[in-house]
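To start, the structure itself, in structure tokens.
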Amino acid sequence: MKIATWNVNSVKARLPTVLEVLKDIDCDVICLQEIKCETDAFPYMEIEELGYNCAVHGQKSYNGVALLSKHPLEDVEKGLPGDDSDEQARYIEALVLADRPVRVGALYLPNGNPAPGDKYDYKLSWMNRLTAHAKSLLTLEESFVLAGDYNVIPRDEDCWDIAVWRDDALALPKTRDAFHELKWLGMTEAFEAADGRAHQYSFWDYQAGAWQKGHGIRIDHLLLSPQAADRLTGVEIYKKARGLEKPSDHVPVIAELAD
DNA sequence: ATGGCAACCAATGGTTGA
């Protein structure tokens with residue numbers, strides 16, 4: 001089965017592009033981030049027409065995540081546990097009832113800039129909550145995937161020029177440490193495991209001709225539990241999406257698991 | 001040395017993103 005993550009940067013502002021890409025990549029499960037609409041305003045009809053069940057956790061204007069699945073969804077959970085006062089819609093999880101069920105968490109991890117500051121503190125505390133949640137999910141010993149826009153550049157070679165990004169919230173040592181803590185629970189980063197090449201990007205800024213110049217960063221990731229990692233057969237970064245009319249600044253990253 | 005783009009809400013500019 002194929003599982004994708006994609007930050008769409010507003011599902012309403014570019015619905016035709018979104019539908020075209022969803023048709024092209026033809027995945028079993030798709031995690032969307034930055035839908036930028038309230039739950040009720042999600043374009044359910046158009047996406048259901050492509051054969052997807054939709055679980056949506058939205059909010060007005062910003063953030064917002066959704067899980068699309070060609071298989072039935074069960075146990076839908078909205079919001080990341082660990083802080084009842086957190087009102088930002090950045091996490092949704094469900095059990096995907098394929099022949100071999102997979103639990104999938106779709107996440108939009110905070111950007112954290114400027115760092116240091118309140119936003120960076122929020123990013124680090126959100127990452128700690130994600131790690132705590134992953135730790136509890138790992139005790140279930142099932143196939144599960146945490147997929148999303150992590151806003152983390154894992155290695156120097158995952159960006160076009162580390163000198164530009166070294167002091168950014170996406171690449172700071174504390175950010176990478178927190179990401180490693182999550183991985184070291186026993187999670188496998190799909191691209192790193194199945195491909196691992198340097199300079200393969202999932203985001204190119206709209207500004208300064210970043211796409212044309214190849215100035216990208218790799219910040220969209222799928223982390224797999226051991227049971228899911230055993231089934232990993234490949235990863236694709238669907239770079240074509242960045243060259244379409246009215247593109248998102250991110251492209252889908254797709255992991256394939258053996259059925 | 002700086003800004004450079006896009007989306008949002010609101011409103012002819014400010015905020016956010018990465």
Side-chain angles (χ1 to χ4, degrees), chain A residues 5-21 31-43 56-66 86-91 106-124 126-127 130 147-176 178-179 191 199-221 237 239 241-253:
Chain A
T5 177
W6 187 26
N7 179 322
V8 290
N9 186 22
S10 174
V11 73
K12 287 196 291 184
R14 67 184 92 267
L15 185 57
T17 309
V18 169
L19 295 175
E20 181 185 342
V21 169
C31 303
L32 298 181
Q33 302 90 37
E34 284 208 90
I35 60 173
K36 293 189 174 179
C37 65
E38 291 180 294
T39 302
D40 292 344
F42 189 80
V56 181
H57 182 36
Q59 70 178 83
K60 194 178 178 185
S61 307
Y62 300 111
N63 308 318
V65 286
D86 185 358
E87 293 182 340
Q88 300 190 31
R90 293 179 177 275
Y91 188 82
L107 63 102
Y108 175 42
L109 205 146
N111 172 301
N113 280 303
D118 292 348
K119 292 191 171 178
Y120 194 57
D121 293 342
Y122 175 61
K123 176 176 193 151
L124 293 179
W126 205 95
M127 293 180 86
L130 182 63
D149 176 357
Y150 277 77
N151 273 314
V152 173
I153 300 170
R155 313 169 300 183
D156 288 357
E157 58 268 38
D158 293 317
C159 68
W160 61 280
D161 183 359
I162 191 59
V164 172
W165 290 94
R166 197 182 300 282
D167 297 323
D168 192 278
L170 278 61
L172 281 170
K174 279 185 180 172
T175 303
R176 287 182 172 170
F179 186 67
F191 178 86
H199 304 294
Q200 302 299 305
Y201 309 132
S202 64
F203 168 92
W204 296 259
D205 203 299
Y206 291 122
Q207 299 185 61
W211 166 246
Q212 289 77 6
K213 293 177 188 165
H215 290 178
I217 56 181
R218 191 171 68 84
I219 56 176
D220 300 273
H221 311 298
I237 300 180
K239 193 173 172 182
R242 188 63 179 80
L244 300 175
E245 283 294 308
K246 213 169 159 58
S248 169
D249 40 9
H250 295 250
V251 299
V253 181

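Hydrogens, waters and symmetry mates play no part in the numbers below; they use all other heavy atoms, side chains included. In what follows, every chain begins at residue 1, and chains take the letters A, B, ... in the order their sequences are listed.
Note: A/Leu124 CG to A/Lys119 NZ = 14.5 Å, rounded to the nearest 0.5 Å.
Residues from residues 158-176 of chain A placing a heavy atom under 4.0 Å of any atom in DNA chain B, listed by number, are A/Leu170.
Among the atoms of the strands shown, none is found under 4.0 Å from any heavy atom of A/Lys123. Nucleic acid contact for A/Asp149: sugar-phosphate only, since backbone atoms but no base atoms lie under 4.0 Å from a heavy atom of the residue. Residue A/Asn7 is in sugar-phosphate contact alone, with no base atom involved, counting any heavy-atom pair closer than 4.0 Å across all strands shown. A/Tyr150 comes within 4.0 angstrom of no nucleic acid atom, judged by non-hydrogen atoms across all strands.
Straight-line distance from the CG atom of A/Asn113 to the P atom of B/dT15: 17 Å, rounded to whole Å. Put simply, CH2 on A/Trp204 is 17 Å from C1' on B/dG17, counting in whole angstrom units. Distance A/Gln59 CD to B/dG17 P: 10 Å, rounded to the nearest Å. Counting to the nearest Å, the C1' atom of B/dG3 and the NE2 atom of A/His215 are 15 Å from each other.
For the 3.5 Å distance criterion, the side chains of A/Asn111 and A/Tyr120 fail to qualify, holding no donor opposite an acceptor. Between A/Asp86 and A/Tyr122, the side chains place a donor N or O and an acceptor N or O closer than 3.5 Å (distance only, hydrogens not considered). A/Glu34 and A/Asn7 share a donor-acceptor pair across their side chains, judged by distance under 3.5 Å alone. Side-chain N/O atoms of A/Asn9 and A/Ser248 include no donor and acceptor closer than 3.5 Å.
Between B/dG14 and B/dA18, the distance separating the two P atoms is 22 Å to the nearest Å. B/dC9 sits 22 Å from B/dG4 when the P atoms are compared, rounded to a whole Å. Of the P atoms belonging to B/dT2 and B/dA7, the separation is 27 Å, rounded to the nearest Å. Comparing the P positions of B/dC5 and B/dA11 gives an interatomic distance of 25 Å, to the nearest angstrom. B/dT12 and B/dA1: their P atoms are spaced 35 Å apart (whole Å).
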Please list, one pair per line, the donor and acceptor atoms closer than 3.5 Å that link side chains of residues 165-173 of chain A to other protein atoms, with sequence neighbours excluded.
residue	atom	partner	partner atom	Å
A/Asp168	OD1	A/Asn113	ND2	3.0
A/Asp168	OD1	A/Leu170	N	2.9
A/Asp168	OD2	A/Asn113	ND2	3.3

statement: Quick tally for nucleotides 4-14 of chain B: nucleotides whose base has a protein heavy atom under 4.0 Å get B, sugar-phosphate-only ones S, the rest -, giving BBSSBS-----

- prompt: What do the steps show when you test A/Asp156 against A/Arg176 for salt bridge (charged side-chain N to carboxylate O under 4.0 Å, His left out), and what is the final call?
  reply: CA-CA 11 Å; A/Asp156 288 357; A/Arg176 287 182 172 170; 2.9 Å; yes

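When the side-chain nitrogen and oxygen atoms of A/Asn151 are compared with OP1 and OP2 of B/dA18, one or more of them lie within a distance under 4.0 Å. Residue A/Asn111 places no side-chain N or O under 4.0 Å from the OP1 or OP2 atom of B/dG17.
Geometrically, A/Arg218 does not engage A/Tyr201 in a cation-pi contact, judged by NZ or CZ lying under 6.0 Å from the ring centre and within 45° of the ring axis.
For the ring-ring contact (aromatic ring centres under 6.0 Å, His included) with A/His250, the qualifying choice from A/Trp211, A/Trp6, A/Tyr150, A/Phe203 is A/Phe203, the only one to do so.
Listed here is the closest heavy atom pair of A/His221 and A/Thr5: O-CG2, 4.1 Å.
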